[in-house]
Amino acid sequence: MAQVFALIDCNNFYVSCERLFAPQLKARPVVVLSNNDGCIIARSEEAKALGIAMGEPYFKVAAFLEKHAVHVFSSNYALYGDLSQRVMAVLQQLEPFVEIYSIDEAFVSLPVAGGGDLVAYGLKLRETIRQWVGIPVSIGFGPTKTLAKIANRMAKQDKAGNGVFSLLDHPRLDALLAEVPVGAVWGIGRRHGAKLTACGIRSAFDLKGGDDDWLRKHLTITGLRTAMELRGLSCLPFEQLPPAKKSITSSRSFGRTVQGKAELFEAVATYVTMAAEKMRRAKLVAGCLQVFVTTNRFNKDAPQYSNSESVRLEPPTASTPELLSRARVCLDHLYRPGYAYQKAGVVLLDLLPEARQQGHLFGGDSGKAGPLMAALDKINNRWGRETVQSAAAGFTKSWKNRQERKSPAYTTCWHDLPVVRASRR
DNA sequence: TCTGGGGTCCTAGGACCC
DNA sequence: TCTGGGGTCCTAGGACCC
């Protein structure tokens, strides 16, 4: 029995989320900014048509956006995360084999018994998601994940196809692949795309026909796998259960540069707190902590410095106070006076399930810290983040980043629930 | 003035060991 | 002039993804 992959991808996801609660923005140009209002990470079709590029620094196009009455939002991850869960829940309710691939994408594995009308099925699925959640999606079908990805791209381009396209047993498969630039293939990024193009491999069809040894040598095993997938040979596993996390990062650029060690540590302490909370939610403990700091790499005139320092945690821990004291030592080693720091971050590595944590011969703090951390998390969950936190993380946090155009947390915070009024005519 | 954040995988090369 | 060779482990850096 043949196997089919469907890729369901939410259209311009962050923009669609914002529009759900601002319906007046339908058919108007809208963009969403990254953290710190740094650059553009989502664009409506109208914004794309204006020529606004993905990843464009906001300050460079701010005037242009204003001139064209483009609506600008800071990113609102509480909202996007919640709507993502709703879309995924619909898929999981309707299908047994779902792989949540990212916040706005999922693969569905369908055992196809031949003759099933995939496109009709896709149209129905798409309509269900639109009705139940309100987010528009595109759906691509293919015999491998890579081809499903390409089919999805075609679904988006083919306006007459109503957002659904299948490459399964497509009679003109090669002709279609010949029109896909090699850099648009999933797994071929900017660097490899440029290299391939320079070597005469310009399209997905060219890549499909590439020489195995050459591909292996120049693109490593991953590139060869991509070529295999284009040939219809499925090489990428379908992962219904998300693989165990290997690291947890928390980092942010600052709203302004930071010079002093005390203030820098406030930021580091804040990120330690966030990462540790995330880790405890996942019921993990870390065996290694890494702290990094960096100056603004775009500011060519200022002296540059970036460095990281890591420390082993023995026994592995999820205790915020323990992590804070270790992070302080790391920063003491890392810190150099005289630099304008732009960003700092914390990475938790060597993660283990907390249940498997071995007792430490010389006694750790886990006995005391466990209940304390549980109580802390409970309070902060109930009363809001940072209700109780370590003083090390600071109170004013004047270095925090900008988010000047953020929409309310419509679906995850009682205060921000949209209010609907009925009126009699 | 202003350029995101959070991940994964692969490989080459050095360190180390016998 | 002329360095042993082969295995394993670890890490840094590069590439990719959304």
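Letters A, B, ... are given to chains in the order of the sequence lines, protein chains preceding strands, and every chain is numbered from 1.
Listed pair A:Lys149 / C:dC17 fails the phosphate criterion, with no side-chain N or O lying under 4.0 Å from OP1 or OP2. OP1 or OP2 of B:dG7 has at least one side-chain nitrogen or oxygen of A:Thr249 nearer than 4.0 Å. Remark: A:Ser102 is not in phosphate contact with C:dC17, judged by side-chain N or O atoms under 4.0 Å from OP1 or OP2. An OP1 or OP2 oxygen of B:dC9 is reached within less than 4.0 angstrom by a side-chain nitrogen or oxygen of A:Lys246. Contact check, A:Arg225 against B:dC9: no side-chain N or O comes under 4.0 Å of OP1 or OP2. OP1 or OP2 of B:dT8 sits under 4.0 Å from a side-chain N or O of A:Ser247. Distances shorter than 4.0 Å separate some side-chain N or O of A:Arg216 from OP1 or OP2 on B:dT11. In this model, the phosphate group of B:dT3 is not approached by any side-chain N or O of A:Ser253 to a distance below 4.0 Å at OP1 or OP2.
Side-chain contact check for A:Glu263 and A:Trp399: no donor-acceptor pair (N or O, by modelled atom type) lies under 3.5 Å. Side chains of A:Lys397 and A:Thr270: a donor on one and an acceptor on the other come within 3.5 Å. Judged purely by distance below 3.5 Å, without hydrogens or angles, the side chains of A:Asp82 and A:Thr411 pair a donor atom with an acceptor atom.
Aromatic ring centres of A:Phe107 and A:Trp186 lie closer together than 6.0 Å. Two rings, from A:Tyr335 and A:Tyr341, have their centers less than 6.0 Å apart.
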Task: Pairing annotation in dot-bracket form, given for DNA chain C with Watson-Crick or G-U pairs under 3.5 Å and | for cross-strand partners - done: ....||||||||||||||
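Among the protein residues, A:Asp37 comes within range of no part of the nucleic acid, since none of its heavy atoms lies under 4.0 Å from any strand. Here A:Val185 lies in heavy-atom contact (under 4.0 Å) with sugar-phosphate atoms only. Backbone-only contact: A:Ile248 has heavy atoms under 4.0 Å from sugar-phosphate atoms and none from a base. No engagement by A:Gln403 is indicated, since no non-hydrogen atom pair under 4.0 Å with the nucleic acid exists. Residue contacts for A:Leu219: at a heavy-atom cut-off of 4.0 Å it reaches no nucleic acid atom on any strand shown. Residue contacts for A:Glu56: at a heavy-atom cut-off of 4.0 Å it reaches no nucleic acid atom on any strand shown.
If you take atom C1' in B:dC2 and the same atom in C:dC18, they sit 24 Å apart, rounded to whole Å.
Between the P atom of B:dG7 and the CG atom of A:Asp350 lies a distance of 15 Å, rounded to the nearest Å. The nearest whole Å value for the distance from the NE2 atom in A:His218 to the P atom in B:dT11 is 14 Å. The NZ atom of A:Lys245 sits 17 Å away from the P atom of B:dG5 (whole-angstrom rounding). Distance CG (A:Asn299) to P (B:dC2): 7 Å, rounded to an integer number of Å. If you take CE of A:Met274 and P of B:dG7, they are 11 Å apart, rounded to a whole angstrom. We find that CG of A:Asn307 is positioned 15 Å from C1' of C:dG13, with the value rounded to whole Å. Computed from coordinates, the A:Leu224 CG to C:dA15 C1' distance equals 16 Å when rounded to whole Å. The distance between atom CD of A:Glu239 and atom P of B:dC9, rounded to the nearest whole Å, is 8 Å.
Taking the nucleotide of DNA chain B with the nearest heavy atom to each of A:Thr257 and A:Lys278, the more 5' of the two is matched to A:Thr257. Across the interface with DNA chain B, nearest-nucleotide mapping of A:Lys60 and A:Thr220 shows A:Lys60 to be the residue nearer the 5′ end.
Of the candidate nucleotides B:dG4, C:dA15, B:dT11, B:dG4 has the atom lying nearest to any side-chain atom of A:Ile41. Across C:dC18, B:dG4, C:dC16, the shortest atom-to-atom separation from the side chain of A:Arg191 is found for C:dC16. Listed nucleotides C:dA15, B:dC10, B:dG7 differ in distance to A:His192; the shortest reach to its side chain belongs to C:dA15. Closest contact between the side chain of A:Arg252 and the listed nucleotides C:dC18, B:dG7, B:dG5 involves B:dG5. Candidate nucleotides B:dG6, C:dC16, C:dC18 were compared by shortest atom distance to the side chain of A:Tyr101, and C:dC18 ranks first.
Rounded to the nearest 0.5 Å, atoms OH (A:Tyr80) and OG (A:Ser75) are 6.0 Å apart.
No salt bridge links A:Asp377 with A:Arg281; every basic N to acidic carboxylate O contact stays at or beyond 4.0 Å. Remark: A:Lys124 does not engage A:Glu127 in a salt bridge, criterion side-chain N to carboxylate O under 4.0 Å.
Checked by atom type and distance alone, the side chain of A:Arg19 pairs as donor or acceptor with a backbone atom of A:Leu25 at under 3.5 Å.
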